[in-house]
Amino acid sequence: MGFKDIEINAERDDIKLEALEIALTSLCNFNCPYCGAYENKKHNTLDIKTIVDNITELPDLKRIKLSGGEVTIFIDECLELIRYCKEWGIETQINTNGSLLDKEKIDQLAEAGLDYIHISLNHYEAKMHDKYYKKGTETFEKIANNIKYLCKQGKIDVITESILFEEIINNDVGKLYDYAYDLGVRKFQIQTPIPQATWEIKQDNSKTIEAIESLIINKHEDDEMYVTCVCVDKNGDFFRNISSEYKKGKVQFPYCIEGKKQLHLHSNGDIIICDIGKPVLLGNIFKGDSLKTVMEAKRSVIEEMIKKCDCTTFM
């Protein structure tokens, strides 16, 4: 099974839990304005036993994505869960900002059996990265070196995800794409900023569309590009037109799988659909719910959520 296969092959009427994103912790060494981890000031971290107790009840589970906060703060817990999933034939993915990794930790993750590492890469210069995140230019250099080592090591599938902020569009998004390619990345995911309850977006959709078109037209032949969660067109015309032309190649427009194939388990126990934007709370594992019972008891809520999902109608 390849990266994004669950999303790409999702059937709209086939509701079963095949992918689970687990926000292991709300702690993070960054404080990004577009991330919801800081909306709840009380930080939580899930213990591995709680996670295992829930996932053993899910017969269709094929992939677990570990995220946060910054999940690599708890690297030992990550390794333990990856080893467990490997034993049970469940693929694993880590979503990270990449700043806390080093060669030793990367080698440990590879040895444990990690399948995918998904790294945020929103800038191509250290000064730009520092201006936005205020973490020092050395942090960007460390992230870049980690990506380069991962690609050279070749044991874990590497994906970089870039959010098309207005500043990066205005500074030539092609440079960011080429930078990731030069580091060795051959799986490149892009999305636009998605509004949340505490964060408003003011961005020119026409420029975003131009940037996406430019990226697709200038895509390197030997890599894969994934265009996901792109909120630029209320009617979906952009996606219908562009996907019909490029979907035959290595450019994919995955379905939004929220509810159909994937749920999110947050570090405070919340079970939700749609981790970003406007999430819908389905239950809480610390209040007597489980992932299995939620999928069964809340099926009507899940089906209603799917009908309202713009990303699905775009396809």
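Treat the numbers as computed from the prediction; the structure is a model and nothing was measured.
The residues Lys49 and Asp53 are annotated as salt-bridged, a charged nitrogen and a carboxylate oxygen being separated by less than 4.0 angstrom. With salt bridges taken as basic N to acidic carboxylate O contacts below 4.0 Å, none links Lys219 and Glu221.
Ser120 and Glu161 form no side-chain donor-acceptor contact under 3.5 Å, judged by distance and modelled atom types alone. No donor-acceptor contact under 3.5 angstrom links the side chains of Gln189 and Thr160, judged on distance only. Checking Thr96 against Glu70 by side-chain atom types alone, a donor-acceptor pair falls below 3.5 Å. Side chain to side chain, Asn29 and Asn97 meet the donor-acceptor criterion of an N or O pair below 3.5 Å.
With Thr50 contributing its side chain and Leu46 its backbone, the two residues share no donor-acceptor pair below 3.5 Å. Distance alone, capped at 3.5 Å, is enough to place a donor-acceptor pair between the Ser290 side chain and the Thr293 backbone. A donor-acceptor contact shorter than 3.5 Å is absent between the side chain of Asn145 and the backbone of Lys142. Using a distance-only test at 3.5 Å, with no hydrogens or angles considered, no donor-acceptor pair links the side chain of Asp60 to the main chain of Glu18. For Asn218 (side chain) and Ser214 (main-chain N/O), a donor-acceptor pair under 3.5 Å exists by modelled atom type.
Between Phe74 and Thr45 the shortest side-chain heavy-atom distance falls below 4.5 Å. The side-chain heavy atoms of Ile75 and Leu109, taken from C-beta on, include a pair separated by under 4.5 Å. Looking at heavy atoms from C-beta onward, Ile143 lies in side-chain contact with His129 at the 4.5 angstrom threshold.
Evaluation of the side chain to side chain donor-acceptor pair (under 3.5 Å) test over residues 74-92, restricted to residues two or more places apart or in two chains, returns Arg63-Glu91. Counting only residues at least two apart or on different chains, the salt bridge (charged side-chain N to carboxylate O under 4.0 Å, His left out) pairs with a member in residues 178-191 are Asp157-Lys187, Arg186-Asp222, Lys187-Glu224.
For Lys135 against Asp130, the heavy-atom pair with the smallest separation is N-OD1, 3.2 Å. Residues Ala19 and Ile6 approach most closely at CB-CD1, 4.0 Å, considering heavy atoms. Val294 and Gly283 make their closest contact through CG2-CA, 4.4 Å (heavy atoms, listed as atom of the first residue, atom of the second, distance). When all heavy atoms are compared, the tightest approach of Phe286 to Asn268 is CD1-O, 3.4 Å. For the pair Leu176 and Tyr124, the tightest heavy-atom approach, listed with the atom from each and the gap, is N-CD2, 3.6 Å. For the pair Ser267 and Ser26, the tightest heavy-atom approach, listed with the atom from each and the gap, is OG-N, 3.5 Å.
When the shell of 6.0 Å around NZ of Lys148 is examined, it contains 12 or fewer heavy atoms from other residues, nucleotides or ligands. Other residues, nucleotides and ligands contribute more than 12 heavy atoms inside 6.0 Å of the CD atom of Glu138. Summarising the local packing, NZ of Lys292 is surrounded by 12 or fewer heavy atoms from other residues, nucleotides or ligands at distances under 6.0 Å.
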Assess whether side-chain contact (heavy atoms from CB on, under 4.5 Å) is satisfied between Leu164 and Ile212, documenting all intermediate values. CA-CA 9 Å; Leu164 299 184; Ile212 295 171; 3.7 Å; yes
I'd like to know whether Ile190 forms a side-chain contact (heavy atoms from CB on, under 4.5 Å) with Tyr226, so could you lay out the CA-CA distance, the side-chain angles of the two residues, the decisive distance to 0.1 Å, and finally the verdict. CA-CA 6 Å; Ile190 57 173; Tyr226 300 88; over 6 Å; no
side-chain contact (heavy atoms from CB on, under 4.5 Å), that's the test. Do Ile272 and Leu263 meet it? Break it down for me. CA-CA 6 Å; Ile272 64 173; Leu263 291 179; over 6 Å; no
Under the side-chain contact (heavy atoms from CB on, under 4.5 Å) rule, what do Leu79 and Leu114 come out as? Steps first, then yes or no, please. CA-CA 8 Å; Leu79 292 168; Leu114 181 66; over 6 Å; no
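Under a hydrophobic-cluster definition in which Ile, Leu, Val, Met, Phe, Trp and Tyr are linked whenever side-chain heavy atoms come within less than 4.5 Å, directly or via other members, Ile15 and Leu282 are assigned to the same cluster. Both Tyr149 and Ile147 are part of a single hydrophobic cluster, where members link through side-chain heavy atoms under 4.5 Å apart. No continuous path of hydrophobic side-chain contacts links Leu183 to Tyr181 [ILVMFWY only; heavy atoms under 4.5 Å]. If you chain together hydrophobic residues whose side chains sit under 4.5 Å apart, Leu24 and Leu100 fall into the same group.
With sequence neighbours excluded, the residues forming a side chain to side chain donor-acceptor pair (under 3.5 Å) with Lys4 are Glu7, listed by chain and number. Take Tyr177 and apply the ring-ring contact (aromatic ring centres under 6.0 Å, His included) test, not counting sequence neighbours, and it matches Phe188, His220. The side chain to side chain donor-acceptor pair (under 3.5 Å) check on Ser162 picks up nothing, with sequence neighbours excluded. Shown here are the side chain to side chain donor-acceptor pair (under 3.5 Å) partners of Asp289, two or more places apart in sequence or in another chain: there are none.
Under the side chain to side chain contact (heavy atoms under 4.5 Å, CB included) rule, Ile156 has a single partner from Asp115, Asp107, Leu150, Ile94, which is Leu150. Remark: of the listed residues His118, Gln93, His264, Gln262, Gln262 is the sole one forming a side-chain hydrogen bond (donor to acceptor under 3.5 Å, both in side chains) with Lys65. Here the rule is side chain to side chain contact (heavy atoms under 4.5 Å, CB included) with Ile117, and of Val158, Asn146, Asn95 only Val158 fits it.
One finds the SG atom of Cys78 at 10.0 Å from the CD1 atom of Ile22 (value rounded to the nearest 0.5 Å). In this structure, the separation between CD1 on Ile51 and CG on Leu265 is 6.5 Å, given to the nearest 0.5 Å. For the atom pair CG of Leu81 and CG of Leu66, the computed distance is 5.5 Å after rounding to the nearest 0.5 Å. Note that CD of Glu296 and CG of Leu17 are 11.0 Å apart. Values are rounded to the nearest 0.5 Å. To the nearest 0.5 Å, atom CD1 of residue Ile90 and atom CD1 of residue Ile82 are 12.5 Å apart. Note that CD1 of Ile169 is 11.5 Å distant from CD1 of Ile163, once rounded to the nearest 0.5 Å.
Using cut-offs of 30° and 60° on the angle between ring planes, the pair Phe30 and Tyr133 is tilted.
In this structure, Phe140 has its ring center at least 6.0 angstrom away from the ring center of His123.
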